[in-house]
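Worksheet for the structure shown next.
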Amino acid sequence: MIRVLLVDDQPLLRSGFRALLDLEDDIEVVAEAADGKEGLDLVRRHLPDVALIDIRMPVLDGIEATRRIAADPALAGVHVVILTNYGLDEYVFNALRAGAAGFLVKDIVPEDFLHAVRVAARGDALLAPSITRKLINRYVTQPLRAATGTGLKELTAREREAVALVARGLSNDQIADHMAISSLTAKTHINRAMAKLSARDRAQLVVFAYESGLVVPRDS
């Protein structure tokens with residue numbers, strides 16, 4: 001059973017998400033909160049598998065709530081997915097840097113929403129599925145520029161290429177196609193890069209790719 005916590009200051013949206021989740025046999029909504037502080041308290045109390053957290057809320061916003069969850073070793077099993085009305089804005093990357101596993105726009109279709117909850121519960125970052133790939137691609141310039149970050153020196157050329165493609169929102173299969181390698185080899189490159197960079201998930205690789213200059217946010 002996937003245990004989910006909903007944190008959003010709009011009661012109607014919470015009710016809609018809960019109604020959708022309650023229809024699924026493998027998902028249980030354990031609690032709801034209307035602000036980030038209450039949500040953080042409920043995360044500590046219920047230890048959900050997935051915390052769906054609005055990015056902009058009173059008392060404590062979603063980014064700070066996410067940062068506190070990610071910093072608490074006792075909450076290591078909680079996967080935060082940020083909810084936003086705004087598509088890609090400056091808050092999304094800050095949320096990833098804070099420790100979010102990914103993000104969803106609130107007008108997502110129900111099938112993709114349910115798939116995203118299950119993906120997050122498995123511990124996979126919501127950066128490769130098609131529901132976020134287009135948003136990530138909008139945030140990244142092409143082609144890649146040369147990067148000189150210290151961490152990059154630890155990676156092979158193929159590992160750097162794989163990390164950059166992760167940051168663009170590609171799945172392992174798509175990375176394999178782009179690099180003309182097998183899916184297993186693509187996964188190996190990504191796992192080795194994560195180990196070298198001490199990244200806990202793919203979201204952390206995306207943060208590294210931006211901060212090192214391997215990929216660059218659009219100016220417009």
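With 3.5 Å as the limit, one finds a donor-acceptor pair spanning the side chains of Asp173 and Ser183.
Side-chain heavy atoms closer than 4.5 Å link hydrophobic residues (I, L, V, M, F, W, Y) into clusters, and following such links, possibly through other members, connects Leu75 to Leu60. Residues Val117 and Leu20 are members of one and the same hydrophobic cluster, defined by side-chain heavy-atom contacts under 4.5 angstrom among Ile, Leu, Val, Met, Phe, Trp and Tyr.
Ile181 is listed as a side-chain neighbour of Arg158, based on a closest heavy-atom distance under 4.5 Å. Arg118 has its side chain within reach of Ile2: a pair of non-hydrogen atoms, C-beta onward, lies under 4.5 Å apart. Between Glu161 and His189, the closest side-chain pair of non-hydrogen atoms is not below 4.5 Å. In this structure, the side chains of Leu114 and Ile27 come closer than 4.5 Å at one or more pairs of heavy atoms. Side-chain contact between Leu155 and Leu197: present, with at least one pair of heavy atoms (C-beta onward) separated by less than 4.5 Å. Residues Arg45 and Leu42 have side chains in contact (heavy-atom distance under 4.5 Å, counting atoms from C-beta outward).
Side chain of Arg44 to main chain of Ala74: no donor-acceptor pair is present (N/O by atom type, distance under 3.5 Å, no hydrogens or angles). The closest donor-acceptor contact from the side chain of Arg192 to the backbone of Glu159 lies at 3.5 Å or more, if one exists at all.
The CE atom of Met1 sits 10.5 Å away from the CD atom of Glu24 when rounded to the nearest 0.5 Å. To the nearest 0.5 Å, atoms CZ (Arg56) and CG (Asp8) are separated by 12.5 Å. With rounding to the nearest 0.5 angstrom, the CG atom of Leu6 is 6.0 Å from the CG atom of Leu21. For the atom pair Lys37 NZ and Met57 CE, the distance stands at 12.5 Å (nearest 0.5 Å). Atom CG of Asn172 and atom CG of Asn191 lie 8.0 Å apart (nearest 0.5 Å). One finds the CG atom of Asp41 at 8.5 Å from the CG atom of Asp35 (value rounded to the nearest 0.5 Å).
Closest approach of Ala70 to Gly99, counting heavy atoms only: CB-CA, 4.0 Å. The two atoms that bring Gly36 and Ala65 nearest to each other are O-CB, 4.2 Å, heavy atoms only. The two residues Val81 and Ala120 have their closest heavy-atom pair at CG2-CB, 3.6 Å.
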In sequence, state the C-alpha distance, the side-chain angles, and the governing distance for Arg14 and Glu32, and then conclude on salt bridge (Lys or Arg N to Asp or Glu O under 4.0 Å).
CA-CA 8 Å; Arg14 288 203 315 274; Glu32 298 180 29; 3.0 Å; yes
Apply side chain to side chain contact (heavy atoms under 4.5 Å, CB included) to residues Val4 and Phe17 and explain how you reach the verdict.
CA-CA 11 Å; Val4 176; Phe17 284 135; over 6 Å; no
For residues 48-55, which side-chain donor-acceptor pairs fall under 3.5 Å, sequence neighbours excluded?
unit_1 : atom_1 : unit_2 : atom_2 : d
Asp49  : OD2    : Arg3   : N      : 2.8
Asp54  : OD1    : Lys106 : NZ     : 3.2

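Lys196 and Glu154 are not joined by a salt bridge, as no carboxylate oxygen comes within less than 4.0 angstrom of a charged side-chain nitrogen.
Environment of CG in Leu12: sparse, with no more than 12 heavy atoms of neighbouring residues, nucleotides or ligands closer than 6.0 Å. Around NE2 of His46, the count of heavy atoms belonging to other residues, nucleotides or ligands within 6.0 Å exceeds 12.
Residue pairs that meet the side-chain hydrogen bond (donor to acceptor under 3.5 Å, both in side chains) test with at least one member in residues 65-76, sequence neighbours left out, are Glu64-Arg67, Glu64-Arg68.
Here the rule is side-chain contact (heavy atoms from CB on, under 4.5 Å) with Val43, and of Val7, Ile69, Val30 only Ile69 fits it.
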